[in-house]
Amino acid sequence: MSRRAKEYRKRQSPDSVHGSLVLSKFINKVMMSGKKSIARDIVYRALEILSQKVNAPAVDAFEKALRNAIPLMEVRSRRVGGSTYQVPMEVRAERGVSLAMRWLINNSRTRSGHSMIEKMSAELIDAYNGVGASIKKREETHRMAESNKAFAHFRW
């Protein structure tokens with residue numbers, strides 16, 4: 001038995017405007033160089049645009065966009081007998097949310113446009129409608145897992 005102190009997860013507080021833990025995590029992932037106020041401003045203004053375009057409450061629209069981007073399967077490298085196989089595995093719920101957030105943010109940053117607010121709102125609208133780069137990335141991940149189904153017996 002280990003003698004180390006037990007590691008506890010730090011509890012995250014919900015965001016101040018909507019009271020959502022998921023939105024709070026999203027704001028923290030958008031943040032760069034510790035500039036949380038700027039990240040908060042970007043996310044809230046992007047959510048305003050999203051809610052106007054889809055005629056739904058901001059948090060509900062955001063959660064639907066995020067749900068649409070969450071992958072169910074992914075491939076992981078597994079070394080067996082000198083060769084490496086891409087083994088399809090189910091994605092844990094927490095990791096799926098984290099991947100979806102990362103994809104939404106990265107695709108927002110690489111998108112063409114003037115401000116981060118416009119780019120993020122456009123990416124969220126696309127994810128809400130089931131199109132866009134984040135959804136394409138999820139489909140590509142699912143396709144990789146499907147094509148490597150033959151190696152599923154290497155799961156650990």
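By convention here, the first residue in the shown sequence is residue 1. Treat the numbers as computed from the prediction; the structure is a model and nothing was measured.
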Asker: As a test of understanding, state which of Glu90, Arg143, Glu146 forms a side chain to side chain contact (heavy atoms under 4.5 Å, CB included) with Met73.
Answerer: Glu90
Asker: Would you check if Met120 and Val43 make a side-chain contact, meaning some heavy-atom pair closer than 4.5 Å?
Answerer: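 Side-chain contact under 4.5 Å: yes.
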Asker: Indicate if Leu50 and Met116 have the same hydrophobic cluster label, given that clusters are the connected sets of ILVMFWY residues with side-chain heavy-atom separations under 4.5 angstrom.
Answerer: yes
Asker: Report yes if some heavy atom in the side chain of Asn148 is under 4.5 Å from a heavy atom in the side chain of Met144; otherwise report no.
Answerer: yes
Asker: Show me the donor-acceptor pairs, under 3.5 Å and distance only, between side chains in residues 105-112 and residues at least two apart or in other chains.
Answerer:
{"residue": "Asn106", "atom": "ND2", "partner": "Arg102", "partner atom": "O", "Å": "3.4"}
{"residue": "Asn107", "atom": "ND2", "partner": "Trp103", "partner atom": "O", "Å": "2.9"}
{"residue": "Asn107", "atom": "ND2", "partner": "Ser134", "partner atom": "OG", "Å": "3.1"}
{"residue": "Ser108", "atom": "OG", "partner": "Leu104", "partner atom": "O", "Å": "2.7"}
{"residue": "Arg109", "atom": "NH2", "partner": "Val30", "partner atom": "O", "Å": "2.9"}
{"residue": "Thr110", "atom": "OG1", "partner": "Asn106", "partner atom": "O", "Å": "3.2"}
{"residue": "Thr110", "atom": "OG1", "partner": "Asn107", "partner atom": "O", "Å": "3.3"}
{"residue": "Arg111", "atom": "NH1", "partner": "Glu123", "partner atom": "OE1", "Å": "2.7"}
{"residue": "Arg111", "atom": "NH1", "partner": "Asp126", "partner atom": "OD2", "Å": "3.3"}
{"residue": "Arg111", "atom": "NH2", "partner": "Asp126", "partner atom": "OD2", "Å": "2.8"}

Asker: Is it the case that the side chain of Asp15 and the backbone of Ser20 share a donor-acceptor pair, with hydrogens and angles ignored and the cut-off at 3.5 Å?
Answerer: yes
Asker: Are any side-chain N or O atoms of His142 and backbone N or O atoms of Leu72, one a donor and one an acceptor, separated by less than 3.5 Å?
Answerer: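 Yes, the answer is positive, given that a donor and an acceptor are paired below the 3.5 Å cut-off.
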Asker: Just verifying a value: how many Å separate Lys53 NZ and Ile49 CD1, rounded to the nearest 0.5 Å?
Answerer: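 Answer for the NZ-CD1 pair, Lys53 versus Ile49, is 7.5 Å.
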Asker: What's the spacing between Ser121 OG and Gln52 CD if we round to 0.5 Å?
Answerer: 10.0 Å
Asker: Cluster question for you: counting only ILVMFWY and a side-chain heavy-atom cut-off of under 4.5 Å, with indirect links fine, are Ile117 and Met101 together?
Answerer: yes
Asker: Kindly give the heavy-atom pair with the smallest separation between Ala56 and Ala61, and that separation in Å.
Answerer: CB-CB, 4.4 Å
Asker: In this structure, would Val22 and Val17 fall into the same cluster of hydrophobic residues linked by side-chain contacts under 4.5 Å?
Answerer: yes
Asker: Would you check if the distance from the ring center of Phe62 to the ring center of Tyr128 is below 6.0 Å?
Answerer: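 That pair fails the under 6.0 Å test.
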Asker: If two hydrophobic side chains count as joined below 4.5 Å and joins carry through other members, does Val97 share a cluster with Leu23?
Answerer: yes
Asker: Supply the atom-to-atom distance Asn129 CG to Ile135 CD1, rounded to the nearest 0.5 angstrom.
Answerer: 9.5 Å
Asker: When clusters are formed by joining ILVMFWY residues with side-chain heavy atoms under 4.5 Å apart, either directly or through shared neighbours, do Leu47 and Ile42 land in the same one?
Answerer: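 Same cluster.
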Asker: If every non-hydrogen atom of Lys29 is compared with every non-hydrogen atom of Ser98, which pair is closest and at what distance?
Answerer: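 Minimum heavy-atom separation between Lys29 and Ser98: NZ-OG, 3.3 Å.
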Asker: Under 3.5 Å, which donor-acceptor pairs link side chains of residues 31-41 to any protein atom two or more places apart or in another chain?
Answerer:
{"residue": "Lys36", "atom": "NZ", "partner": "Asn28", "partner atom": "OD1", "Å": "3.0"}
{"residue": "Asp41", "atom": "OD2", "partner": "Arg45", "partner atom": "NH1", "Å": "3.3"}

Asker: Quick one: NE2 on His18 to OG on Ser24, what's the gap to the nearest 0.5 Å?
Answerer: 12.0 Å
Asker: Just how far is it from atom CD1 of Ile125 to atom OG of Ser51, taken to the nearest 0.5 Å?
Answerer: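 Reported to 0.5 Å precision, the distance equals 9.5 Å.
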Asker: Any ion pair linking Glu74 and Arg76 (charged N to carboxylate O, less than 4.0 Å)?
Answerer: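 Salt bridge: yes.
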Asker: Using a 6.0 Å cut-off, check whether atom NZ of Lys137 has over 12 heavy atoms from anything other than its own residue.
Answerer: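 Not more than 12 within 6.0 Å, no.
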